[in-house]
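Below is one structure, written out as structure tokens; comments come after it.
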Amino acid sequence: MDFELRKAREKLEREQRERVQRAKAKADRERRAKAEAARRRDALEASHRERRLDAARAQEEAQQKMEEVTQLGKGISFSHMFEALRYDGPGDKIKLPPSSFKELSDEGALDKGPMYFRLSKVRDSVPGAPQDNDADEATCCGVLEFTAREGSAELTPHVWNNLFRGDSPDVPLIEVRYVSLPKGTYAKLKPEGVGFSDLPNHRAVLETALRNHATLSENDFVVVNYGQLQYKLKVLELKPASSVSVLETDVEVDIEGPDSVLDYVENQHVLVPLETGKVESGVVEEGKFRYYKFLVDEGMGEKVASRHANIEVKIETDTSGGDTDIYVSRHPLVFPTQHRHEWSSHEMGSKVLILKPRDASLSSGTYSIGVYGFKGTTKYQLSVAIKDVLNGQRIGEQASASSSVDVDSVVCKNCKRYISNRTSLLHEAYCVRHNVVCMHDGCGVVLRKEEATDHVHCNKCGQAFQQREMEKHMKVFHEPLQCPCGVVLEKEDMVQHQSSTCPLRLIVCRFCGDTVQAGGEPLDARDRLRNMCEHESICGSRTAPCDSCGRSVMLKDMDIHVIAVHQKS
């Protein structure tokens with residue numbers, strides 16, 4: 001009996017313990033489920049809250065951006081993303097699609113004068129990550145026309161190179177914003193290399209280049225073309241803002257010097273100062289130039305013009321087998337070449353070149369010397385001297401004969417010299433045995449028989465040379481040369497072509513005063529009679545008010561108007 005009661009009690013206690021354990025397990029499960037539900041609820045609420053914050057932040061950024069665009073555009077809101085394309089054109093004026101014109105017209109931008117835009121690159125970024133608005137990745141520009149295809153903007157090389165520096169993406173995307181820019185009052189620029197300040201009136205050259213620009217931005221590079229030369233200038237500082245308009249305004253320009261002088265061998269178009277009377281040593285490679293400049297003051301210029309002194313350029317070369325040529329010009333022709341120069345010397349080895357100004361009034365001034373490596377790498381020593389003419393003899397005058405011809409003299413049948421009649425037979429016997437006369441038409445030079453084989457004439461121009469000089473003469477003077485304008489001529493004709501008729505030659509316009517390319521012949525026959533080039537014919541067609549009567553007269557007709565209407569000379 002006691003045994004059964006004890007078993008029943010143990011069973012009851014065991015069941016009670018199991019119920020308590022199940023209750024605890026159930027309570028633990030419920031507690032964990034509530035905690036998990038609370039965690040999920042908090043995470044969901046945090047996610048919703050973050051989304052609401054992101055949406056509010058995006059809305060605020062969009063509103064701020066819209067306010068910024070409106071503020072930059074002085075009430076005009078225009079901001080679009082385009083695919084950037086390149087087109088060849090000067091300056092900084094881009095092309096936009098026709099839809100942009102309609103939108104800008106509806107906004108009233110056409111009534112506010114010239115339109116300016118700020119361009120910036122569009123980069124891939126993580127949503128919500130901060131954007132780097134680096135000024136180096138943005139630039140400003142004007143607009144040329146609205147003819148680009150929809151969804152694209154066409155950029156000039158100036159705008160493209162300043163916006164995409166060192167990288168060219170496969171699909172370049174840019175953001176174009178309408179902005180209002182103040183008129184510039186001050187600009188500081190620095191050439192990327194040396195040589196720009198050597199250009200004659202380089203400020204006028206820079207002004208001519210900026211006429212194709214509507215804006216300037218700090219850290220941008222401006223490319224200035226001078227003939228076939230190209231110079232890059234960096235915009236360091238602008239006032240009154242970091243981006244300004246340069247249309248219809250006077251800008252004070254400062255040009256800083258470069259940081260350091262570049263290697264003259266790598267940068268050929270640099271003028272090295274050369275003092276008169278001092279020797280300058282150098283090395284020139286084949287096919288390259290080394291340039292120098294020297295100054296002739298007015299006092300020495302008067303002596304040269306009166307032919308009491310001469311300008312002597314001397315170059316001494318080593319005997320390593322190399323050879324050089326000398327080309328000299330007077331400014332404004334800064335860098336003389338094989339085709340454009342005033343004086344030249346092509347003798348082999350060391351040489352002396354005497355400069356004889358064609359115009360006596362142009363003896364003083366700055367001269368440029370171009371040492372050209374004709375063959376191999378050549379070491380040389382260059383010097384310039386102003387030397388007085390000795391014995392009172394002027395340059396170009398023949399020295400007076402030291403003695404008159406004897407009455408008893410006879411002409412030698414071989415060398416054609418006057419010989420005394422007493423010794424004529426002896427002279428002729430010796431002369432015929434040792435000397436020979438060159439039979440080339442117009443030559444008649446008397447030569448030693450051993451030297452006659454080395455005396456040759458060019459079959460094109462007839463000039464006489466030594467045999468070793470003929471190869472250089474044919475290459476320099478008779479090898480066909482192609483002008484950048486497409487004309488093919490020999491050297492002498494090429495020099496004349498590039499100085500008088502080449503459409504790419506540089507001239508100083510008589511109307512605008514800028515150094516520009518001349519262009520071809522003008523269409524107007526009257527302009528051709530007045531020796532105008534194409535640029536002067538177009539530039540002179542601009543009108544200006546007459547100082548006497550106020551009438552608008554074309555610049556090229558102003559002198560005729562003053563004489564015919566106002567009887568003024």
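Only this structure's heavy atoms are used, side chains among them; waters, hydrogens and symmetry mates stay out.
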Would you give me the side-chain donor-acceptor pairs under 3.5 Å for residues 294-304, sequence neighbours excluded?
| residue | atom | partner | partner atom | Å |
| --- | --- | --- | --- | --- |
| D297 | OD1 | G299 | N | 3.4 |
| D297 | OD1 | M300 | N | 2.9 |
| K303 | NZ | D388 | OD1 | 2.8 |

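- For the side-chain contact (heavy atoms from CB on, under 4.5 Å) with V328, the lone residue among L333, L355, V384 that qualifies is L355.
- Looking at heavy atoms from C-beta onward, L489 lies out of side-chain contact with L481 at the 4.5 angstrom threshold.
- Of the charged side-chain nitrogens involved, at least one lies within less than 4.0 Å of a carboxylate oxygen, so that E316 and K314 count as a salt-bridged pair.
- Counting non-hydrogen atoms of other residues, nucleotides and ligands closer than 6.0 Å to CD of Q466 gives a total above 12.
- Judged as a side chain to side chain contact (heavy atoms under 4.5 Å, CB included), and not counting sequence neighbours, the contacts of N225 are V223, Q230.
- For the atom pair CG (L210) and CG (L247), the distance works out to 11.0 Å, reported to the nearest 0.5 Å.
- Annotation: salt bridge (charged side-chain N to carboxylate O under 4.0 Å, His left out) contacts involving residues 484-499, sequence neighbours excluded, comprise K460-E490.
- With a 4.5 Å cut-off on side-chain heavy atoms, C483 and Q498 count as touching.
- Note that NE2 of H427 and NZ of K413 are 12.5 Å apart. Values are rounded to the nearest 0.5 Å.
- Across Y292 and L382, no two heavy atoms sit closer than the pair CD1-CD2, 3.6 Å.
- C461 is listed as a side-chain neighbour of H478, based on a closest heavy-atom distance under 4.5 Å.
- Shortest non-hydrogen contact noted between H566 and C546 is NE2-SG, 3.5 Å.
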Test H535 against C512 for side-chain contact (heavy atoms from CB on, under 4.5 Å), laying out the working first. CA-CA 10 Å; H535 169 84; C512 65; 3.7 Å; yes
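- Considering only heavy atoms from C-beta on, I255 comes within 4.5 Å of F196 through its side chain.
- Under the 30°/60° scheme for interplanar angles, the aromatic rings of F477 and H346 are found to stand perpendicular.
- You'll find the side chain of K234 reaches within 4.5 Å of the side chain of N219, heavy atoms only.
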Run the side-chain hydrogen bond (donor to acceptor under 3.5 Å, both in side chains) check on S344 and D325 step by step: do they pass? CA-CA 7 Å; S344 63; D325 292 334; over 6 Å; no
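- To the nearest 0.5 Å, the span separating CG on D524 from OG on S537 amounts to 6.0 Å.
- Atom-to-atom distance recorded for C502:SG and H497:NE2 is 4.0 Å, nearest 0.5 angstrom.
- Y226 meets the side chain to side chain donor-acceptor pair (under 3.5 Å) test with no other residue; sequence neighbours excluded.
- The shortest non-hydrogen separation linking W343 to R330 is CZ3-N, 4.3 Å.
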Can you check side-chain hydrogen bond (donor to acceptor under 3.5 Å, both in side chains) on T139 and N162, steps first, answer last? CA-CA 7 Å; T139 187; N162 282 313; 5.1 Å; no
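- For residues 494-510, the pairs satisfying salt bridge (charged side-chain N to carboxylate O under 4.0 Å, His left out) are R510-E536, with sequence neighbours left out.
- Annotation: side chain to side chain contact (heavy atoms under 4.5 Å, CB included) contacts of V235 (sequence neighbours excluded): L189, L216, V222, L238.
- More than 12 heavy atoms of other residues, nucleotides or ligands sit less than 6.0 Å from atom CZ of R448.
- Shortest non-hydrogen contact noted between S424 and I419 is CA-CG2, 4.0 Å.
- Sorted by first and then second residue, the salt bridge (charged side-chain N to carboxylate O under 4.0 Å, His left out) pairs involving residues 246-257 (not counting sequence neighbours) are K188-E256.
- Residue V284 comes nearest to T324 through the heavy atom pair CG1-CG2, 3.9 Å, listed as atom of the first residue, atom of the second, then distance.
- Residues L353 and S345 come closest through the heavy atom pair CD1-CB, 4.1 Å.
- For Q517, the CD atom sits in a packed shell: over 12 heavy atoms of surrounding residues, nucleotides or ligands are nearer than 6.0 Å.
- With sequence neighbours left out, the side chain to side chain contact (heavy atoms under 4.5 Å, CB included) criterion links K375 to D323.
- Checked by atom type and distance alone, the side chain of R542 never pairs as donor or acceptor with a backbone atom of L555 at under 3.5 Å.
- In this structure, the side chain of R528 engages the main chain of P522 through a donor-acceptor pair within 3.5 Å.
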Check against salt bridge (charged side-chain N to carboxylate O under 4.0 Å, His left out), R211 and E207: CA-CA 6 Å; R211 287 184 179 176; E207 180 183 350; 3.8 Å; yes
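- Taking CD from E285 and OH from Y372, the interatomic distance works out to 12.0 Å, rounded to the nearest 0.5 Å.
- In terms of the ring-ring contact (aromatic ring centres under 6.0 Å, His included) criterion, residue partners of F465 (sequence neighbours excluded) are, by chain and number, H473.
- Residue-environment remark: CG (L529) exceeds the threshold of 12 foreign heavy atoms within 6.0 Å.
- Y418 has its side chain within reach of V411: a pair of non-hydrogen atoms, C-beta onward, lies under 4.5 Å apart.
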Kindly indicate, with the supporting measurements, whether the criterion side-chain hydrogen bond (donor to acceptor under 3.5 Å, both in side chains) is fulfilled by H308 and S306. CA-CA 6 Å; H308 288 98; S306 60; 3.0 Å; yes
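- Around NZ of K449, the count of heavy atoms belonging to other residues, nucleotides or ligands within 6.0 Å exceeds 12.
- Checked against side chain to side chain contact (heavy atoms under 4.5 Å, CB included), A464 has the following partners two or more places apart in sequence or in another chain: H455, H457.
- Residues meeting the side chain to side chain donor-acceptor pair (under 3.5 Å) test with S541, sequence neighbours left out: K556.
- In this structure, Y327 has no side chain to side chain donor-acceptor pair (under 3.5 Å) partners at least two apart in sequence or on a different chain.
- The shortest distance between side-chain heavy atoms of Y367 and V313 does not fall below 4.5 Å.
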Go through the steps for R530 and I560 under the test side-chain contact (heavy atoms from CB on, under 4.5 Å), then give the verdict. CA-CA 12 Å; R530 288 184 281 188; I560 300 176; 3.7 Å; yes
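- Counting non-hydrogen atoms of other residues, nucleotides and ligands closer than 6.0 Å to CZ of R526 gives a total of 12 or fewer.
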